[in-house]
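I have placed the structure first, in the form of structure tokens, so that the comments after it can refer back to it.
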Amino acid sequence: MDYKQTLNLPKTPFPMKANLVKKEPEILERWEEMGLYEIIRQTSEGRKRYMLHDGPPYANGHIHMGTAFNKILKDIILKSRQMAGFDAPYVPGWDCHGLPIEHRVDQELGPRKLEMSQAEIRRYCREYAEKYIEIQRNEFKRLGVLGEWENPYLTMNFPYEATIIREFGKFALNGSLMRSKKPIYWCISCKTALAEAEVEYEEHSSTSIFVKFPMISDLGRAYGTLKGKEVFIVIWTTTPWTLPANLAIALHPDLEYVAVETENNQVMILAKGLLDVCMDTFGIKSYEILERLKPADLENLKARHPLYDRPSVIVLAPYVTLEAGTGCVHTAPGHGREDYETGVEYGIDVYSPVDDSGRFTNDVEYFAGLEVFAANRAINDKLTEVGALLKEEEITHEYPHCWRCKNPVIFRSTEQWFISMEKNNLRQNALDAINRVSWIPSWGQERIYNMIASRPDWCVSRQRAWGVPITVFFCKECDQLIISQEIVDHIAGMVEKLGADIWFTESEEDLLPPATSCPNCGSGRFRKETDILDVWFDSGVSFAAVMENREYLDSPSDLYLEGSDQHRGWFHSSLLCSVGTRNEAPYKNVLTHGFVVDGAGKAMHKSAGNVIAPDELIRNYGAEILRLWVAGEDYRNNIRLSKEILQRLTEAYRRMRNTCRYLLGNLNDFDPETDRVPYRQMEELDRWALNRLQELNQRVLGAYDNFNFHLVYHNLHNFCVLDLSSFYLDIIKDRLYTSPQKSVARRSAQTAINEILEVLVRLMAPILSFTSDEIWQYMKRAEQAPSVHADLFVPVNDTHKDPELLRRWEGIIEIRGEVTKALELARREKTIGHSLDASVTLGLSSELMEMLSAYRDQLRSIFIVSSVDMIEIDRLEDGLESDTISGLKVKVSPSIDPKCERCWVHDPTIGEDNTHPTVCKRCLKVLNEIIT
RNA sequence: GGAGGGUUGGGCGAGCGGUUGAAGCCGACCGACUUAUAAUCGGAUGUACGUGUCGCACCACCUACCGAGGGUUCAAAUCCCUCACCCUCCGCCA
């Protein structure tokens with residue numbers, strides 16, 4: 001007789017091989033067809049809401065590991081909050097406006113762009129954004145991320161644009177908005193502002209000049225030898241044309257300067273470290289150092305501009321070097337970034353007397369109307385004429401050029417719009433708001449706090465096409481700024497219906513409410529602003545456009561979750577937008593994660609060749625492995641990604657999958673409705689398993705709660721491997737297989753593993769979203785949610801908590817460890833093969849004897865051997881003395897009994913029955929039950 | 001240059017003054033089983049230096065090693081300092 005047929009072996013159609021790459025798309029399709037996200041929304045209606053607000057990725061290019069990581073992390077949080085009993089909707093968003101798209105469109109359009117209207121260019125940009133939104137949407141969905149993908153928020157949607165205009169209007173109307181100057185890159189042939197990305201550095205030949213500025217302030221008081229002398233401070237520049245805009249001279253605070261007397265009794269001030277080389281350049285042979293000067297003594301003293309009758313103030317700046325020049329840096333706050341910052345620090349005007357086409361304006365004496373590069377010659381001539389030019393020489397250096405027309409660009413200050421950090425106490429209010437938010441990890445607070453504390457006013461205007469216009473007007477007559485609540489509402493209303501393009505296509509008269517007149521001069525003729533808004537303002541108001549606007553969402557959000565770079569980005573701009581208009585942060589908690597780096601901890605760069613694309617991993621491993629990676633790594637630090645890491649995860653995945661498969665296989669004939677055994681009647685080992693399950697459940701739920709997903713993963717994996725696979729399941733195998741199908745012994749174990757699977761499949765779901773749902777479909781219940789994701793976590797069951805029981809078993813497990821060690825030794829010596837070939841004798845101290853006596857009958861199955869004898873330790877002659885447990889000796893010997901053909905246990909009762917002579921008494925009993 | 005964070009054994013990660021050479025899991029290694037079978041179970045598993053009468057193998061012991069170096073302490077992976085390396089931010093980049 002083939003006794004194998006009489007065993008209850010596991011049986012399940014659930015495939016061992018995951019085949020994720022093929023199966024994931026099928027599961028996604030199923031979710032799509034059934035409308036899983038909508039089902040979840042319906043089932044959780046009315047629950048307490050959990051609001052995670054999505055930071056919008058930029059709608060440009062394919063997703064990368066960083067964006068994939070971020071989206072999966074969000075998905076894990078949302079799914080876990082959802083299953084913890086919240087209503088956690090997810091509205092993904094995209095940032096659509098901005099330079100990168102405009103720049104790409106520029107490149108695609110080429111020269112055609114010059115003939116196109118702004119509205120036409122904007123149409124191309126919109127199409128470009130739409131294209132990549134579609135691409136990224138599919139890539140995100142492929143990761144198993146659930147959300148309102150068909151109704152995301154886009155910063156270029158008309159209602160969103162209207163919100164931007166309304167929110168900006170609040171700043172304009174509350175007095176925070178100011179107009180002020182700031183230098184930017186400017187191409188004088190394209191007559192346009194350029195971004196750093198649009199500037200190319202090329203070799204360029206320039207005339208560099210050394211120029212003397214006579215000191216106005218008397219140095220004689222601090223340095224007596226200089227009394228009554230004609231003192232000059234000497235500067236060097238490679239851009240003579242910026243000299244008319246000179247307002248200051250910068251010295252390094254820590255460098256040493258000298259006053260040097262030359263042959264014609266003139267005294268020059270320059271850095272000591274450059275003295276010799278300068279004198280050599282000037283051709284001055286004999287000179288004498290009169291004084292060593294401390295820069296601090298010179299600060300705020302005045303020199304006179306060599307061409308104009310105005311002072312040039314001496315300032316201190318850390319960027320001054322001794323690499324070239326004189327150590328005294330010509331400073332024109334209107335024509336250089338560092339100059340500008342120094343100017344702001346010292347309260348110096350931002351003077352930039354150059355127009356759009358690069359010509360000096362009329363208030364520049366001698367050079368008005370001259371194009372700046374052409375003016376270099378004239379300026380040098382004039383300097384020579386007044387005797388200020390010490391030396392002129394040609395140098396070649398790297399100079400910025402326009403990416404499109406290849407001409408050199410200039411740095412020029414223009415009127416810009418700023419949101420003041422001080423006027424309405426925005427800085428302090430923002431700092432206060434920061435302290436009311438919980439930042440995870442906690443150092444995020446300090447980081448953003450310092451940024452807000454030291455940041456300059458927010459420049460919100462851009463001279464660009466692809467963005468939301470700054471919707472203010474000026475009176476054509478008196479240049480009065482025209483803005484009012486009525487105008488904001490009027491325009492926002494139009495934009496809401498027709499989009500922000502109307503700003504560019506419609507005339508002022510059509511954009512303004514009828515009969516608008518200038519409050520200053522009464523004029524009815526207006527000019528609209530042509531600048532657009534910084535796109536950080538776009539995404540910064542997403543809390544208003546999305547969370548406040550959709551009735552199923554709330555603001556402030558419970559959570560913003562982005563990479564740590566967003567302390568400067570979205571967290572920052574959102575904070576300012578929200579505090580400036582509502583005086584509170586738009587979020588209660590901010591969670592940040594690190595960056596994805598390669599296996600060696602290096603950043604991923606195309607040039608380094610270490611970039612891994614999500615798509616590549618999905619094709620080779622499946623999105624599920626990516627999800628496991630996201631969960632398994634501690635996201636607070638940099639997140640490493642390598643082939644080896646994925647390999648490890650794939651193996652861990654297989655283990656968990658297979659454990660679940662085994663559970664499914666053994667539940668094949670189990671109907672929890674009718675077959676469940678009450679807890680009190682279950683075997684103690686099964687109750688042990690349920691106890692451990694409660695511990696796991698509690699720990700994992702807590703880990704989800706605290707965003708400790710790597711603990712979720714490690715706990716789940718350890719439970720599958722340690723508690724289940726190598727211990728519990730291994731032991732109950734015998735009971736499950738050989739006991740009568742419907743026996744209490746078997747049903748007891750099945751009750752336990754059924755409960756285990758119910759808990760496990762849910763705990764896994766936020767991370768292993770595909771596999772858990774696949775398992776879900778194989779679980780047989782009278783009533784069940786259509787997907788695990790529409791269900792809830794199983795609450796911790798306190799009635800299954802029995803610490804006393806767990807403690808007892810800790811001891812048994814420890815002893816079991818010693819037994820398996822002894823078995824392995826016997827195996828080495830070839831005395832046994834399978835552990836069931838062995839008979840074990842335990843030599844026990846009286847304490848251990850007492851502890852184990854209640855388990856006398858269970859020990860052979862717990863150890864998975866054929867028999868266990870327990871005797872006093874002193875009576876056991878040989879055997880392995882445990883070095884971890886005192887009072888324990890283990891002796892292993894091959895069983896002398898024959899092996900039962902059915903259950904493989906060696907037993908003396910085999911052969912007692914004639915019909916089944918190769919079977920033990922225990923199996924015989926079962927057979928008789930089955931056969932009748 | 002400024003601001004913020006990090007560096008634990010081949011991998012993931014515990015640990016955050018003593019019980020830690022450092023949990024647990026994985027891997028690589030050896031073995032068992034063929035009743036979870038492209039699965040499952042068990043065991044052992046850091047490196048270097050020195051000592052154990054010569055060399056080799058093995059074993060036992062000692063010491064050192066948690067980026068490097070110093071310090072505090074009876075005691076440090078854990079606290080302090082210095083340095084190195086890595087990551088993020090400081091753009092009309094998002």
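Lettering of chains follows the sequences in order, A, B, ..., and the numbering in each one begins at 1.
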Taken to the nearest 0.5 Å, the spacing of Ile532(A) CD1 from Ile164(A) CD1 works out to 10.5 Å
Pair [X] + [Y]: basic N to acidic O under 4.0 Å:
X	Y	value
Asp734(A)	Arg922(A)	yes
Asp634(A)	Arg636(A)	yes
Arg462(A)	Glu102(A)	no

How long is the line joining [atom1] of [X] and [atom2] of [N], in whole Å?
X	N	atom1	atom2	result
Trp536(A)	rC89(B)	CH2	P	11 Å
Ile832(A)	rC41(B)	CD1	C1'	12 Å
Glu818(A)	rG42(B)	CD	C1'	14 Å
Lys602(A)	rU88(B)	NZ	P	12 Å
Leu649(A)	rC25(B)	CG	P	17 Å
Tyr635(A)	rC12(B)	OH	C1'	16 Å
Asn666(A)	rU40(B)	CG	C1'	13 Å
Leu628(A)	rG11(B)	CG	P	18 Å

Does the ring centre of [Y] sit less than 6.0 Å away from the ring centre of [X]?
X	Y	value
Trp94(A)	Tyr132(A)	no
His53(A)	Trp570(A)	yes
Tyr621(A)	Trp629(A)	no

What distance, rounded to whole Å, do you find between the two [atom1] atoms, one in [N] and one in [M]?
N	M	atom1	answer
rC65(B)	rU7(B)	C1'	16 Å
rG15(B)	rA22(B)	C1'	8 Å
rU47(B)	rG9(B)	C1'	9 Å
rC74(B)	rC85(B)	C1'	35 Å
rG13(B)	rG27(B)	C1'	14 Å
rA94(B)	rC26(B)	C1'	38 Å
rC56(B)	rC49(B)	P	12 Å
rG11(B)	rC81(B)	C1'	33 Å

Tell me what [X] touches on the nucleic acid: a base, only sugar-phosphate, or nothing, going by heavy atoms under 4.0 Å.
X	result
Gly569(A)	nothing
Asp634(A)	sugar-phosphate
Cys459(A)	nothing
Gly665(A)	nothing
Leu722(A)	sugar-phosphate
Glu633(A)	sugar-phosphate
His834(A)	sugar-phosphate
Lys182(A)	sugar-phosphate
Tyr737(A)	base
Lys821(A)	sugar-phosphate
Lys11(A)	nothing
Arg661(A)	sugar-phosphate
Ser725(A)	base
Asp730(A)	sugar-phosphate

Examine the side chains of Thr884(A) and Glu818(A) and answer whether a donor and an acceptor come within less than 3.5 Å of each other.
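Short answer, yes.
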Without hydrogens or angle criteria, can the side chains of Arg735(A) and Ser861(A) be said to hold a donor-acceptor pair below 3.5 Å?
no
Using only heavy-atom distances, decide whether a donor-acceptor pair under 3.5 angstrom links the side-chain of [X] to the base of [N].
X	N	answer
Thr12(A)	rA36(B)	no
Glu824(A)	rG42(B)	yes
Trp570(A)	rA94(B)	no

Any donor and acceptor pair, going by atom type alone, linking the side chain of His567(A) with main-chain N or O of Ser564(A) inside 3.5 Å?
yes
Give a yes/no answer on whether the side chain of [X] brings an N or O atom under 4.0 Å of OP1 or OP2 in [N].
X	N	answer
Lys17(A)	rA38(B)	no
Ser539(A)	rA94(B)	no
Ser726(A)	rG42(B)	yes
Arg657(A)	rA36(B)	no

Looking only at side-chain atoms of Asn658(A), point me to the closest of rC26(B), rG42(B), rA39(B).
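Closest nucleotide to the Asn658(A) side chain: rA39(B).
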Counting side-chain heavy atoms from CB outward, which of rC89(B), rC87(B), rG43(B) is closest to Thr820(A)?
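Per side-chain heavy atoms of Thr820(A), the pick is rG43(B).
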Only pairs with both distances under 3.5 Å count, Watson-Crick or wobble alike; so what is the partner of rA38(B) in this structure?
none
Partner of rC59(B) by Watson-Crick or G-U wobble geometry, both contacts under 3.5 Å, or none?
rG52(B)
On RNA chain B, nearest-nucleotide positions of Arg462(A) versus Glu644(A): which is more 5'?
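Result of the comparison: Glu644(A).
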Does Leu729(A) or Glu651(A) map to a spot on RNA chain B nearer the 5' end, using the closest nucleotide for each?
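In this pair, the answer is Glu651(A).
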Stacking here means centres under 5.5 Å and planes under 30°; does Tyr662(A) stack on rA36(B)?
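Stacking between Tyr662(A) and rA36(B): present.
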List, with names and distances, any nitrogen or oxygen atoms from the protein found under 3.5 Å away from nitrogen or oxygen atoms belonging to nucleotides 4-8 of chain B.
{"from": "rG4(B)", "atom 1": "OP1", "to": "Glu446(A)", "atom 2": "OE2", "distance (Å)": "2.9"}

List the atom pairs, with distances to 0.1 Å, where a side-chain N or O of residues 55-67 of chain A and a protein N or O form a donor-acceptor pair under 3.5 Å, not counting sequence neighbours.
{"from": "Tyr58(A)", "atom 1": "OH", "to": "His97(A)", "atom 2": "O", "distance (Å)": "3.0"}
{"from": "Tyr58(A)", "atom 1": "OH", "to": "Gly98(A)", "atom 2": "O", "distance (Å)": "3.2"}
{"from": "Tyr58(A)", "atom 1": "OH", "to": "Ile101(A)", "atom 2": "N", "distance (Å)": "3.3"}
{"from": "Asn60(A)", "atom 1": "ND2", "to": "Tyr128(A)", "atom 2": "OH", "distance (Å)": "2.9"}
{"from": "His62(A)", "atom 1": "ND1", "to": "Glu139(A)", "atom 2": "OE2", "distance (Å)": "2.5"}
{"from": "Thr67(A)", "atom 1": "OG1", "to": "His64(A)", "atom 2": "N", "distance (Å)": "2.8"}
{"from": "Thr67(A)", "atom 1": "OG1", "to": "His64(A)", "atom 2": "O", "distance (Å)": "2.9"}

Only one of Val541(A), Val468(A), Leu154(A) forms a side-chain contact (heavy atoms from CB on, under 4.5 Å) with Tyr160(A), so which one is it?
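By the side-chain contact (heavy atoms from CB on, under 4.5 Å) criterion, Tyr160(A) pairs with just one of Val541(A), Val468(A), Leu154(A): Val541(A).
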